[in-house]
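Source: prediction; values computed, not measured. Below, chains carry the letters A, B, ... as their sequence lines are ordered, and counting in each starts from 1.
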Amino acid sequence: MRPTTISSLLMPKQKSQTFTRIRAEVIRLVSLIPVGKFTTYGSIAIHMNVVPRHVATVISRLTEEESATLPWHRVVSTNARISQNMPIEIASVQQARLQVEGLSIDAKGYIKNADDHFHVVGVRREIRWTDAD
DNA sequence: AGGGAGGCGCTTC
DNA sequence: GGAAGCGCCTCCC
């Protein structure tokens with residue numbers, strides 16, 4: 001997108017208002033996940049009324065500062081599994097950090113005793129855990 | 001188990 | 001302006 005208006009020249013980093021809002025909210029929610037807990041993309045998405053992809057997009061495009069300060073590693077895929085479509089080195093970091101925080105993860109990337117560590121983002125919890133255990 | 005589609009929003013053509 | 005492709009996902013077949 002090229003800056004062609006006065007406002008875009010004044011605020012070159014401003015994207016669409018919608019996505020900016022989504023992004024800020026995702027970051028806020030992630031920052032609220034306590035040590036030793038985790039939540040899922042879908043959980044955050046449901047709470048915010050957006051599609052999971054957008055949550056993933058935000059988290060995958062954090063700035064260096066944000067990824068350094070934000071507990072992004074506490075966000076995993078459905079059924080408490082570490083995302084498989086992620087560069088292995090990043091997934092390794094994520095798994096290591098979670099283990100440091102006291103979580104057990106099996107060989108397939110599933111967090112053990114997920115219910116004991118699941119952080120409910122908001123009031124709505126419409127995730128299917130039926131086959132989780 | 002593996003692949004396709006989907007609500008949306010971004011980017012590029 | 002608008003179409004097509006893409007996405008640390010998820011659901012459904």
Colleague: Side-chain N or O of S83(A) less than 4.0 angstrom from OP1 or OP2 on dC8(C)?
Modeller: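 Answer is no, no contact under 4.0 Å.
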Colleague: Atom NE2 of H54(A) and atom P of dG6(B): how far apart are they, to the nearest Å?
Modeller: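 After rounding, the gap between these two atoms is 15 Å.
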Colleague: Measure from CG on L62(A) to C1' on dC8(C) and round the result to the nearest Å.
Modeller: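 In whole Å, dC8(C) C1' lies 10 Å from L62(A) CG.
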Colleague: Without decimals, in angstroms, what is the distance between I82(A) CD1 and dT10(C) P?
Modeller: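 The distance from CD1 of I82(A) to P of dT10(C) comes to 13 Å, rounded to the nearest Å.
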Colleague: Would you indicate which nucleotide in dC8(C), dG9(B), dT10(C) comes nearest to any side-chain atom of S77(A)?
Modeller: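 Nearest to the side chain of S77(A) among the choices is dT10(C).
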Colleague: Any chance the side chains of E66(A) and T63(A) put a donor and an acceptor closer than 3.5 Å?
Modeller: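 Yes.
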Colleague: May I ask you to verify if any side-chain N or O of S60(A) is less than 4.0 angstrom from the OP1 or OP2 atom of dG7(C)?
Modeller: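 Checking dG7(C) against S60(A), no side-chain N or O comes under 4.0 Å of OP1 or OP2.
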Colleague: Just the rounded figure in Å: distance from C1' of dC8(C) to CD1 of I111(A).
Modeller: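 Nearest whole value for this atom pair: 14 Å.
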Colleague: Taking the minimum atom-to-atom distance to the side chain of Y41(A), which one of dC8(C), dG9(B), dG7(B) wins?
Modeller: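 Nucleotide nearest to Y41(A)'s side chain: dC8(C).
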Colleague: When you compare dT12(B) with dC8(C), how far apart are their C1' atoms, in angstrom units rounded to a whole number?
Modeller: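 One C1' to the other, the span is 23 Å.
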Colleague: Rounded off to whole Å, could you give me the CD1-to-P distance for the I44(A) and dG7(B) pair?
Modeller: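 Distance check: I44(A) CD1 to dG7(B) P gives 22 Å.
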Colleague: Side chain of P87(A) only, please: which of dC8(C), dC11(C), dG9(B) is the nearest?
Modeller: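 Within the option list, the nearest is dC8(C).
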Colleague: Would you mind telling me which of T78(A), V55(A), T57(A) makes a side chain to side chain contact (heavy atoms under 4.5 Å, CB included) with Y41(A)?
Modeller: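 Checked T78(A), V55(A), T57(A) against Y41(A); only one passes side chain to side chain contact (heavy atoms under 4.5 Å, CB included): V55(A).
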Colleague: Any side-chain to backbone donor/acceptor pair from T39(A) onto H119(A)? Under 3.5 Å, distance only.
Modeller: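 Yes, because the side chain of T39(A) sits within donor-acceptor range (under 3.5 Å) of the backbone of H119(A).
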Colleague: Could you state the CZ-C1' distance from R21(A) to dC8(B), rounded to the nearest angstrom?
Modeller: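 Interatomic distance, CZ of R21(A) to C1' of dC8(B): 12 Å.
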Colleague: Could you check which nucleotide pairs with dG7(B) in any of the strands shown, counting Watson-Crick or G-U wobble with both distances under 3.5 Å?
Modeller: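 With both distances under 3.5 Å required, dG7(B) matches none.
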Colleague: Taking the side chain from N113(A) and the backbone from D116(A), do they hold a donor-acceptor pair closer than 3.5 Å?
Modeller: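 Side chain of N113(A) to backbone of D116(A): no pair is present.
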Colleague: dC8(C) pairs with which nucleotide, Watson-Crick or G-U wobble, both distances below 3.5 Å?
Modeller: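 Checking every strand shown, dC8(C) finds no partner, since no pair has both distances under 3.5 Å.
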Colleague: Return no unless some side-chain N or O of N85(A) is found under 4.0 Å from OP1 or OP2 of dC9(C).
Modeller: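 Answer yes for this pair, as a side-chain N or O of N85(A) is under 4.0 Å from OP1 or OP2.
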Colleague: Can you tell me if E101(A) and H73(A) form a side-chain donor-acceptor pair at under 3.5 Å?
Modeller: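 Yes, a side-chain donor-acceptor pair sits under 3.5 Å.
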Colleague: Taking CE from M48(A) and P from dC9(C), how many angstroms apart are they, rounded to a whole number?
Modeller: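 These atoms are roughly 16 Å apart.
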Colleague: Starting from the 5' end of DNA chain B, give me the residue, R53(A) or R61(A), whose nearest nucleotide shows up first.
Modeller: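 By nearest-heavy-atom nucleotide position, the 5'-most residue is R53(A).
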Colleague: Taking atom P of dC10(B) as reference, at what distance in whole Å does atom CD1 of I22(A) sit?
Modeller: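 Distance check: I22(A) CD1 to dC10(B) P gives 7 Å.
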